[in-house]
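Contents: one structure, followed by commentary.
Just so it is clear: chains get the letters A, B, ... in the order the sequence lines come, proteins before strands, and each one is counted from 1.
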Protein chains: 2
Amino acid sequence: IPQSHHAGTGPQSARRNQPFLTPPEEEEGGGGMGRGKIEIKRIENQSNRQVTFSKRKNGILKKAKEISVLCDAEVGVVVFSSAGKLYDFCSPRTSLSRILEKYQTNSGKILWDEKHKSLSAEIDRIKKENDNMQIELR
Amino acid sequence: IPQSHHAGTGPQSARRNQPFLTPPEEEEGGGGMGRGKIEIKRIENQSNRQVTFSKRKNGILKKAKEISVLCDAEVGVVVFSSAGKLYDFCSPRTSLSRILEKYQTNSGKILWDEKHKSLSAEIDRIKKENDNMQIELR
DNA sequence: TCTTCTATATATAAATG
DNA sequence: TCATTTATATATAGAAG
């Protein structure tokens, strides 16, 4: 439902949405867009923070989907709001699991330390036991 | 280095960057931005695909950083180019590992089935070996 | 491949329902 | 809390080097 951008069709009662009367004042090279320029720092007002989160979260998920389709890229995105609600995206034809597997292989970083370490430790422990028994057997 | 937006200061030899002579023609509601509207479908030309990937990858990582700061959100992004190169972002004060741990708790999905299964299988195997030896020992 | 340049398309901050 | 509107700020497609 595109609005006509010209004057209007009658005695406009709407004069809301006044344009800025003062120039933006140039903060710094952050990001943001819209009516006024904003600084990239924590939004203190909780209500505004939530609104901005909701909008930007949608934006990122959309961008993620777009790059995955346009560029045939594998993308995984996980976002938690400050309230702890989860949102995520994963490119088609794969899974977060597979992407993360690839991440580890590629980066050398281990993502699941805890569980992984405890399992690995158990293996080591049992193997040692095993070795001792082999020695005893002889 | 902002350019002056007005005519210029001499006999312009530059007449590149011609504006569109034909209206955009309205494809569909995808996304994209810039000179022409593009459809959200795989870019077949490899060179263009790589260029677009590079630009959009930077865009997403920037957006991820911004939302994490502005909205105090936890964000993890992993991107692989179609050539297999890895790029990632993780919000400050946390780690991908921690984010993924939270993801699993929150979504109920297990991300590292494979690895876990293989490690668990190894443990079982070794334990069995172990048991057999114990029996032999007696 | 990377950078710069710019016209255009989008994203989004604020204001308002 | 969410949807709409609108002015602005950004992102980025395409062109060129």
>> With a cut-off of less than 4.0 Å, is there a side-chain N or O of A:Lys62 near OP1 or OP2 of C:dA11?
In response: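 Result: yes.
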> At under 4.0 Å, does any side-chain N or O of B:Lys63 touch on OP1 or OP2 of C:dT12?
Replying inline: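 Yes, within the criterion.
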> Does the B:Ser54 side chain pair with the main chain of B:Val51, one donor and one acceptor, at a distance under 3.5 Å?
Replying inline: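 No; zero donor-acceptor contacts below 3.5 Å.
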Output the rounded distance in Å from [atom1] ([X]) to [atom2] ([N]).
X       : N      : atom1 : atom2 : answer
B:Asn45 : D:dA15 : CG    : P     : 11 Å
B:Ile60 : D:dA11 : CD1   : P     : 12 Å
A:Asn48 : C:dT12 : CG    : P     : 15 Å
A:Glu39 : D:dA9  : CD    : P     : 15 Å
B:Lys37 : D:dA13 : NZ    : P     : 14 Å
A:Lys57 : C:dA11 : NZ    : C1'   : 15 Å
A:Asn58 : C:dA11 : CG    : P     : 11 Å
B:Glu66 : C:dA13 : CD    : P     : 9 Å

Quick check for you: to the nearest 0.5 Å, what is the distance between [X] atom [atom1] and [Y] atom [atom2]?
X        : Y       : atom1 : atom2 : value
B:Thr94  : B:Ile99 : OG1   : CD1   : 4.5 Å
B:Arg56  : B:Leu61 : CZ    : CG    : 13.5 Å
A:Ser107 : B:Leu86 : OG    : CG    : 6.0 Å
B:Leu70  : A:Ile40 : CG    : CD1   : 4.0 Å

> Does A:Lys102 make a cation-pi contact with B:Phe80, if we ask for NZ or CZ under 6.0 Å from the ring centre and within 45° of the axis?
Replying inline: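 A:Lys102 over B:Phe80 ring: yes.
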> Among the nucleotides C:dT1, D:dG14, C:dA11, which one has an atom lying closest to any side-chain atom of B:Gln50?
Replying inline: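 Taking heavy atoms from C-beta onward, the closest nucleotide is C:dT1.
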> If you check the A:Arg56 side chain, which of D:dT12, D:dG14, C:dT12 turns out closest?
Replying inline: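 Minimum distance to the A:Arg56 side chain belongs to C:dT12.
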> For B:Gln46 and A:Gly59, take the nucleotide of DNA chain C holding the closest heavy atom to each; which residue's nucleotide lies nearer the 5' end?
Replying inline: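 Closest to the 5' end, via its nearest nucleotide, is B:Gln46.
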> Do the side chain of A:Arg35 and the base of D:dT6 come within less than 3.5 angstrom through a donor-acceptor pair of N or O atoms?
Replying inline: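 Donor-acceptor pair under 3.5 Å: yes.
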> Taking atom types as they are modelled, is there a donor-acceptor pair under 3.5 Å from the base of C:dA13 to the side chain of A:Lys55?
Replying inline: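 Flag set: donor-acceptor pair detected.
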>> Tell me the bend of the helix from C:dC2-D:dG17 to C:dG17-D:dC2 as the angle between end helix axes, each from five pairs, rounded to the nearest 10 degrees.
In response: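 About 40°, once rounded to a multiple of 10°.
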> Looking across every strand, which nucleic acid part, if any, lies under 4.0 Å from A:Thr52 by heavy atom: base, sugar-phosphate, or nothing?
Replying inline: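 Here A:Thr52 touches the backbone only, sparing every base.
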>> Can you tell me if A:Lys57 has over 12 outside heavy atoms packed within less than 6.0 Å of its NZ?
In response: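 For A:Lys57, atom NZ is crowded (more than 12 foreign heavy atoms under 6.0 Å).
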